[in-house]
Trainee: 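Here you go, one structure.
Order of the sequence lines sets the chain letters (A, B, ...), proteins ahead of strands, with each chain counted from 1.
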There are 2 protein chains.
Amino acid sequence: MTKAKGANALPLNTILPGDCIEVMNGLPEASVDLIFADPPYNLQLKGELHRPDNSKVDAVDDDWDQFDTFAAYDRFTRDWLKAARRVLKPNGAIWVIGSYHNIFRLGAELQNQGYWLLNDVVWRKSNPMPNFRGKRLTNAHETLIWASRSEGAKYTFNYEALKSLNEGVQMRSDWVLPICTGHERLKDENGDKAHPTQKPESLLHRVLVATTNPGDVVLDPFFGTGTTGAVAKMLGRDFIGIEREESYRKVAEKRLSRVRKYDRDALMVSASKRAEPRVPFGQLVERGMLRPGEVLVSPRGKTAKVRADGTLVGDAMTGSIHQVGAALEGAPSCNGWTYWHFKRDGKTVPIDLLRQQVRAEMAERPN
Amino acid sequence: MTKAKGANALPLNTILPGDCIEVMNGLPEASVDLIFADPPYNLQLKGELHRPDNSKVDAVDDDWDQFDTFAAYDRFTRDWLKAARRVLKPNGAIWVIGSYHNIFRLGAELQNQGYWLLNDVVWRKSNPMPNFRGKRLTNAHETLIWASRSEGAKYTFNYEALKSLNEGVQMRSDWVLPICTGHERLKDENGDKAHPTQKPESLLHRVLVATTNPGDVVLDPFFGTGTTGAVAKMLGRDFIGIEREESYRKVAEKRLSRVRKYDRDALMVSASKRAEPRVPFGQLVERGMLRPGEVLVSPRGKTAKVRADGTLVGDAMTGSIHQVGAALEGAPSCNGWTYWHFKRDGKTVPIDLLRQQVRAEMAERPN
DNA sequence: CTCCTATATGAATCGCGGT
DNA sequence: TACCGCGATTCATATAGGA
């Protein structure tokens, strides 16, 4: 399945064993489109934490106080986020997920390293574990942070696809999804859950549809039982997993071998209009769809006349369909395609209809 | 209204002018039961933003929200949180509210100073401002952090009161409340909003019912137009406000003088309404109830294929389940939920059945 | 009075590609 | 790298005004 060859080949669609920082540092830089990371934050982590002098922290050491914990966790966070940033392409992005125990440290360190926060997203669990003792609120959500590698990066966001997922309404930053249970929850040989924090595939589905395209490379440095890889494979994305625990790797390998990719056309997603081919307004005049001298009209009854070169003459104003529209409305900008209308058979029609006709023709006879 | 007397008297139910750090340092230590703090968010807005109708968005561009660097913001955060911790009683607690711009730095510093995080709470806005350019997810929530002064503190939590606020079900960490608009939103003499970020009283109502008792002292170091004070007064708690800007203090004084206990009724409204949950078709795909690539069938045998974003591909037509259904029937509209069917175990079943399953799951554990 | 429509607005890190 | 022109982009409410 690996695509590239040679020394810097990306080990696509495999699970790499070992410590994620070392493994990431062994990957070629600027090679990955998206990172999804669900880092550990509980006491199991103590085994991999180090003090500033690189002496290993002993979990039962008397000096292990709260400050040590935070400092060590911050160092761990700094190191893996730095390694992650190196392997990200310039226009790449990252998702991290956590709870109130660790998410604030993750978010602050992302900002410190120059990642640019795009959204924080709340995964609102529809069936959380209740708080049995009644001493706090039911902890019914986890937080994800979506960040680009740096400010100004051209990150991937499939706006229309997410809008479609939400029945035509803009997707919000709070996502209601059930936790991972039932058949989806992987069991070990004893019938116990194979991993304590297995994420639901629905969550990864939304993340990957939103912020990757088919063929993108998705890296998960805390692969666990491989939810990221499974959903990436289904959706026609390549993945790289890193996992230090052999038992998790085994479960994940088995899981991935059973996953199948969806049909190619099922992976197509509602496209953004920005991706449509550009049609100069003048082309409508050249093609005779509009005559020079013809009068266009705005929704509020303002008029302008079409010239042979595809410009408009309005009231004391000449320019493009957009410029004249903006000037007449006193607006900073204007989409002339939807603003201007023409008359055919007594009906008033937006000129965008003509553009759609041209685009349809172009699709039939591509140049 | 002041209770105590002498040099260390607490200035109860008053608004203190000045910088909150200096003022807090002038208050007696260990004297306050709860702090609610809505500090500057450090938004880093560049240009202007217009709605699609070309109207300009009134941005938060006030001087008090400007910080040059993260380091400067962190210094400010460290200083006021330290001053706040000094005035808190040993069993006191704090709430802070913020967005992704600042909440991670707030949370990390709370942990660094020895505050003990109890919950993070998500305020899910029922009517947030959309993302007008379609470049990100709608920023539809803000985050609150609830923390005790230190680990092991006997903090106040009125479990039963919150349970009854939530119709007998344990209160969760995500709260759906509308933003502050209409009559509740305070206006200046020009009729413009008096403060750019006024919080809804319903939010403070829930916070104070949950984590204070009548007679408790509530301190708000970023008092603004005094929502904390107003709700505290309604609920029979004492408050101390600190506010630098004279104009905000004036508005708050006027507001507080008018507050009456019966205003409490208005606060109860938002919790009770629970609409039929909307289930987007895309969610069935995300949840794996339908696979991308799966074929749906109409009663008259027309077919369409499911895509990963919850749209359908029909004959020369792509769109929502409703749009494709309407197009295939040549009808102006179509209820896709009853029109489209899928096959399971040789039987043909309407997709509405899947929606009912999702709704049933949601109804088991509402909110 | 009701009903309907039009308008206003909210803590926002809100283009992109060609020259 | 900076400028410039095309052209894409919104949801839930509250209020006001007209029928």
Trainee: Report yes or no: is the cationic atom of Arg249(B) (NZ for Lys, CZ for Arg) under 6.0 Å from the centre of the six-membered ring of Phe223(B), at an angle within 45° of the ring normal?
Mentor: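 Here Arg249(B) fails the 6.0 Å and 45° test against Phe223(B).
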Trainee: How would you label the contact of Cys180(B) with the nucleic acid (heavy atoms, under 4.0 Å): base, sugar-phosphate, or nothing?
Mentor: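 Touches nothing.
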Trainee: Give each protein N/O atom lying under 3.5 Å from an N/O atom of nucleotides 1-3 of chain C, with the pair distance.
Mentor:
none

Trainee: Students often get this wrong, so: under 4.0 angstrom with heavy atoms, is Lys46(B) touching a base, only sugar-phosphate, or nothing?
Mentor: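 If one applies the 4.0 Å heavy-atom cut-off, Lys46(B) turns out to touch nothing in the nucleic acid.
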Trainee: Where does dT5(C) fall, syn or anti, if syn means a chi angle no more than 90° from 0?
Mentor: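 What dT5(C) shows is an anti base, its glycosidic angle lying more than 90° from 0.
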Trainee: Under 4.0 angstrom, heavy atoms only, what part of the nucleic acid is Ser272(A) near: base, sugar-phosphate, or nothing?
Mentor: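 Counting heavy atoms under 4.0 Å across all strands, no contact is made by Ser272(A).
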Trainee: Hey, do the aromatic rings of Trp146(A) and Phe157(A) have their centres closer than 6.0 Å?
Mentor: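 For Trp146(A) and Phe157(A), the ring centres are under 6.0 Å apart.
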Trainee: Describe the nucleic acid contact of Arg172(A) in one word from base, sugar-phosphate, nothing, applying a heavy-atom distance below 4.0 Å.
Mentor: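 No contact at all - Arg172(A) keeps every heavy atom at 4.0 Å or more from the nucleic acid.
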Trainee: So, the side chain of Asn119(A) versus the backbone of Leu137(B): is there a donor-acceptor pair under 3.5 Å, distance only?
Mentor: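 Here the side-chain-to-backbone pair exists.
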Trainee: Under 4.0 Å, heavy atoms only, any strand: does Gly47(B) hit a base, just the sugar-phosphate, or nothing?
Mentor: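 If one applies the 4.0 Å heavy-atom cut-off, Gly47(B) turns out to touch a base.
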Trainee: Any cation-pi pair here, Arg355(B) with Trp337(B), using under 6.0 Å and within 45°?
Mentor: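 Pair Arg355(B)/Trp337(B) counts as cation-pi.
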Trainee: Could you state the atom-to-atom distance from CD of Gln170(A) to P of dA12(C) in whole Å?
Mentor: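 For the pair Gln170(A) CD and dA12(C) P, the rounded distance is 13 Å.
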Trainee: Across the strands shown, which category fits Pro128(B) at heavy-atom distances under 4.0 angstrom: base, sugar-phosphate, nothing?
Mentor: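 The residue Pro128(B) makes base contact.
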Trainee: Which nucleotide, dT13(C), dA11(C), dT10(D), lies nearest any side-chain atom of Thr197(B)?
Mentor: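 Nearest listed nucleotide: dA11(C).
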Trainee: Over how many whole Å does the gap from Arg51(B) atom CZ to dT7(C) atom C1' extend?
Mentor: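 Distance check: Arg51(B) CZ to dT7(C) C1' gives 11 Å.
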Trainee: Under 6.0 Å from the ring centre and within 45 degrees of the ring axis: does the NZ or CZ of Arg105(B) meet both conditions for the six-membered ring of Phe70(B)?
Mentor: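 Output yes; distance and angle both within limits.
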Trainee: Please report the distance, rounded to the nearest Å, between CZ in Phe281(A) and C1' in dC6(D).
Mentor: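 It works out to 14 Å between those atoms.
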Trainee: NA contact type, Pro39(B), heavy-atom cut-off 4.0 Å: base, sugar-phosphate, or nothing?
Mentor: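 Base contact.
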Trainee: Phe222(B) and ring pair (Phe, Tyr, Trp, His ring centres under 6.0 Å): which single residue from Tyr41(B), Trp95(B), Trp80(B), Tyr248(B) fits?
Mentor: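 Between Phe222(B) and the candidates, ring pair (Phe, Tyr, Trp, His ring centres under 6.0 Å) is satisfied uniquely by Trp80(B).
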Trainee: Rounded off to whole Å, could you give me the NZ-to-C1' distance for the Lys125(B) and dT10(D) pair?
Mentor: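 For the pair Lys125(B) NZ and dT10(D) C1', the rounded distance is 16 Å.
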Trainee: Is the NZ or CZ atom of Arg124(A) positioned over Trp175(A)'s six-membered ring, under 6.0 angstrom from the centre and within 45° of the axis?
Mentor: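 No - Arg124(A) does not lie over the ring of Trp175(A) by the 6.0 Å and 45° rule.
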Trainee: Under the 3.5 angstrom rule, does the side chain of Ser173(A) hit a backbone N or O of Ala140(B) as a donor-acceptor pair?
Mentor: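 Yes; judged by distance alone, with no hydrogens or angles, the pair exists.
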Trainee: Starting from the 5' end of DNA chain C, give me the residue, Gly134(B) or Tyr41(B), whose nearest nucleotide shows up first.
Mentor: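 Counting from the 5' end, the first nearest nucleotide belongs to Tyr41(B).
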Trainee: With heavy atoms under 4.0 Å as the rule, sort Gln198(B) into base, sugar-phosphate or nothing.
Mentor: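 Nothing, no heavy atom under 4.0 Å.
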Trainee: To the nearest Å, how far apart are Tyr159(A) OH and dG15(C) C1'?
Mentor: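 My rounded result for the distance is 14 Å.
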Trainee: Give one of base, sugar-phosphate or nothing for His183(B), where a contact means two heavy atoms less than 4.0 Å apart.
Mentor: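 Sugar-phosphate contact only.
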Trainee: So what does Asn131(B) touch, heavy atoms closer than 4.0 Å: a base, only the sugar-phosphate, or nothing?
Mentor: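 Base contact.
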Trainee: Please state whether the phosphate of dG7(D), meaning OP1 or OP2, lies under 4.0 angstrom from any side-chain nitrogen or oxygen of Ser333(A).
Mentor: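 Negative; the distance criterion is not met.
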Trainee: May I ask you to say what Lys163(A) touches in the nucleic acid, namely base, sugar-phosphate or nothing, with a heavy-atom cut-off under 4.0 Å?
Mentor: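 Since only primed, P, OP1 and OP2 atoms lie under 4.0 Å of Lys163(A), the category is sugar-phosphate.
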Trainee: On DNA chain D, does the nearest nucleotide to Pro52(B) precede the nearest nucleotide to Ile321(A) from the 5' side, or the other way round? Give the residue.
Mentor: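 Residue closer to the 5' terminus by nearest nucleotide: Ile321(A).
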Trainee: Under 4.0 Å between any heavy atoms, over every strand shown, what does Thr138(B) touch: base, sugar-phosphate, or nothing? Just pick one.
Mentor: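 If one applies the 4.0 Å heavy-atom cut-off, Thr138(B) turns out to touch nothing in the nucleic acid.
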Trainee: Rounding to a whole Å, what distance do you find between Leu49(B):CG and dA8(D):P?
Mentor: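 Interatomic distance, CG of Leu49(B) to P of dA8(D): 18 Å.
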Trainee: On DNA chain D, nearest-nucleotide positions of Gly168(A) versus Trp337(A): which is more 5'?
Mentor: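 Closer to the 5' end of DNA chain D: Trp337(A).
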Trainee: Is there a donor-acceptor pair under 3.5 Å between the side chain of Glu243(B) and the backbone N or O of Gly224(B)?
Mentor: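 Yes; judged by distance alone, with no hydrogens or angles, the pair exists.
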Trainee: Less than 4.0 angstrom between a side-chain N/O of Lys135(B) and OP1 or OP2 of dA12(C), yes or no?
Mentor: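 Checking Lys135(B) against dA12(C): no side-chain N or O falls below 4.0 Å of OP1 or OP2.
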Trainee: Whole angstrom is fine here: how far is it from CZ in Arg278(B) over to P in dC11(D)?
Mentor: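 My rounded result for the distance is 10 Å.
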Trainee: What do you reckon, is CE of Met268(A) surrounded by more than 12 foreign heavy atoms closer than 6.0 Å?
Mentor: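 Check fails, neighbour count at 12 or below.
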Trainee: Checking the side chain of Asp65(B) only, and the main-chain atoms of Leu43(B) only, is there a donor and an acceptor separated by less than 3.5 Å?
Mentor: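 Yes; judged by distance alone, with no hydrogens or angles, the pair exists.
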Trainee: Under 4.0 Å between any heavy atoms, over every strand shown, what does Asp38(B) touch: base, sugar-phosphate, or nothing? Just pick one.
Mentor: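 Base, at least one base heavy atom under 4.0 Å.
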Trainee: For DNA chain C, what string of dots and brackets results from 5' to 3' when Watson-Crick and G-U pairs need both distances under 3.5 Å, crossing pairs get [ ], and pairs with another strand get |?
Mentor: .|||||||||....|||||
Trainee: Expressed in angstrom and rounded to an integer, what is the separation of Asn54(B) atom CG from dT9(C) atom C1'?
Mentor: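 About 15 Å, once rounded to whole Å.
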Trainee: List the atom of Asn91(A), the atom of Lys154(A), and the distance in Å for their closest heavy-atom pair.
Mentor: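 So the two residues come closest at OD1-N, 3.0 Å.
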Trainee: Using the aromatic ring of Phe132(B) (for Trp, its six-membered ring), decide whether it stacks on the base of dC14(C) within the limits of 5.5 Å and 30°.
Mentor: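 No, Phe132(B) does not stack on the base of dC14(C).
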Trainee: Remember a base hit wins even if backbone is also touched, and classify Ser99(B) as base, sugar-phosphate or nothing at under 4.0 Å, heavy atoms.
Mentor: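 If one applies the 4.0 Å heavy-atom cut-off, Ser99(B) turns out to touch nothing in the nucleic acid.
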Trainee: For residues 59-66 of chain B, which residues have at least one heavy atom under 4.0 Å from DNA chain D?
Mentor: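 Contacts with DNA chain D under 4.0 Å: none.
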